[in-house]
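In what follows, a structure is listed as structure tokens, so that the remarks can point back to it.
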Amino acid sequence: MPNQKSGHSARSGFSTRAVWAGQDACTATGATIVPVYQTATFTLPQIGLTKGFDYSRTANPTRQAMERQLAALESGDFGCAFASGMAAVAGAASLLRRGDHILATRDLYGGTHRLFTQVLPRYGIDVSFIDTSDAQHVWEAATPRTRMVWLETPSNPTLRLCDIAAIAQRKPPNVLVAVDNTFASPFFQRPLELGADLVVHSTTKYIAGHSDVIGGVVISGARELAERIAYHQNCVGAVPGPWDAYLTLRGAKTLAIRMRAHAANAQAVAEFLARRSDVAKVYYPGLDTHPQHALARRQMNGYGGVVSFRPSGGAPRAHAVAASTSIFALAVSLGGVESLICSPAAMTHASLTPWERAELGISDDLLRLSIGIEDAGDLIGDLAAALDGTNPSRSRNSGGLVSRRKPPANGNREAGCEEVGRLG
Ligand SMILES: Cc1ncc(COP(=O)(O)O)c(C=O)c1O
């Protein structure tokens, strides 16, 4: 339903929808901003009647506003919110049944890979990982049991792309195309407009945008799919609470201006890294040296805020760089206003075997940057200092591999630290 007061509609611009879609003024009080309906239950007018809500696992007004807002941003009709991106991935996979088969992008987020290889097979659903950058190859790999193609584009962390429209155009009617659109965000890429059936997000990332909430969403344009996912959502109950829904709704209002800032900074950082002789490789779809830059220009309205790179000098130097930045925080996750640096092999993708990582190009010297919205000059200065300080030929220290972070007072570990084998 269009919001009569604001006059927004499906044809309104992206930011108008972000600010208004799903967010009618409260009919009881006139509150302009959707309130946090912090309630588990709703008082019924009489047995057998509700005012649209009866229990917050099933539906909650704050969550519903956020679901409608995000569906509008993805040019979809139905949104189903989950307590995390992984719960949303599992929600989309709930459309499958025993005996079904998924074809998935080889280089996906490590947690999705873990769900697909360790959990879904226990329910009789198996997955083949393929190179989805070639649309023809995707359908050649399909079997009579294939019911879903799972795409992640740009992929995490090597930023490879696949051609959503070319893949969707050739899909048989009994196969669903699902796209994890977390890296691009709906501001830069809208898979439903390109023919996909489902879009999944870790809303933890760009959509909420401030690294203060975990969440996920599945969006579709088909009522039948949405009803089945909502059934799973209610049965399993992995739903966001009203506060998390509110933070996500609020964050998404500024998605367009944040994405422009992330992408402008990421382009500047990628170009800076590409000019350095002590950087072996830079991965960013906005660089014209990216092997799929032409596809990125066609399929996306911008190239996102994630840049990966390999400093020369191998893993020891890469780890020293990651430990040396003073603005970029050493942390998993991405998509927040603050810049982060991580080692995918040691952190986000540690659950893959070394062989799987090698096949995907997730080498031990690869670093992933989530570029925030700070000033580009400060981010470049921080990286320049970390690279200079760890470059034996530029550093005044003969060993070169020196962290600029202050060492902890007691030994090597900060208070409260534990060794972590796998994160994210
Ligand atoms: C591309 C992608 N999809 C899904 C997820 C899972 O999201 P969450 O951590 O919110 O469960 C992540 C998390 O990093 C991700 O990067």
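Quick note: numbers below take in every heavy atom, side chains included, and nothing from hydrogens, waters or symmetry partners. One is the number of the first residue; the rest follow in order along the sequence. Counting starts at 1 for both ligands and their atoms, following the listed order.
- Aromatic rings of H290 and Y284 (six-membered ring for Trp) have centroids beyond the 6.0 Å cut-off, not under it.
- Between the CZ atom of R17 and the CG atom of L70 there is a distance of 12.0 Å, given to the nearest 0.5 Å.
- Annotation: F187 is in aromatic contact with F14 [ring centroid separation under 6.0 Å].
- With ring centers used as reference points, Y303 lies under 6.0 Å from H293.
- When L108, D180, V213 are ranked by how near their heavy atoms come to atom 2 (C) of ligand 1, first place goes to D180.
- Atom 15 (C) of ligand 1 has as its closest protein heavy atom Y109 CG, 3.5 Å.
- For the pair E152 and ligand 1, the shortest N or O to N or O distance does not fall below 3.5 Å.
- Checked for salt-bridge contact, D244 and R63 miss the test: no charged N lies under 4.0 Å from a carboxylate O.
- Between the side chains of R170 and Q136, at least one donor N or O lies within less than 3.5 Å of an accepting N or O.
- In terms of N/O distances under 3.5 Å, ligand 1 is not approached by L334.
- Counting only heavy atoms of the protein, atom 14 (O) of ligand 1 lies nearest to K205 NZ, 2.8 Å.
- Of all atoms in ligand 1, listed by their number and element, those nearer than 4.0 Å to a heavy atom of M86 are 6 (C), 7 (O), 8 (P), 11 (O).
- Side-chain atoms of P240 and T248, non-hydrogen and from C-beta on, never get closer than 4.5 Å to each other.
- When only interatomic distances are considered, the shortest N/O to N/O separation between T204 and ligand 1 falls below 3.5 Å.
- Protein heavy atom closest to atom 8 (P) of ligand 1, with residue, atom name and distance, is G85 N, 3.4 Å.
- Judged by the shortest distance from any of its heavy atoms, H201 lies outside the 4.0 Å radius around the atoms of ligand 1.
- Less than 4.0 angstrom separates some heavy atom of G215 from each of these atoms of ligand 1: 10 (O).
- In this structure, H232 and F82 have tilted ring planes: the angle between them lies in the 30° to 60° band.
- The protein non-hydrogen atom at the shortest distance from atom 16 (O) of ligand 1 is N156 ND2, 3.4 Å.
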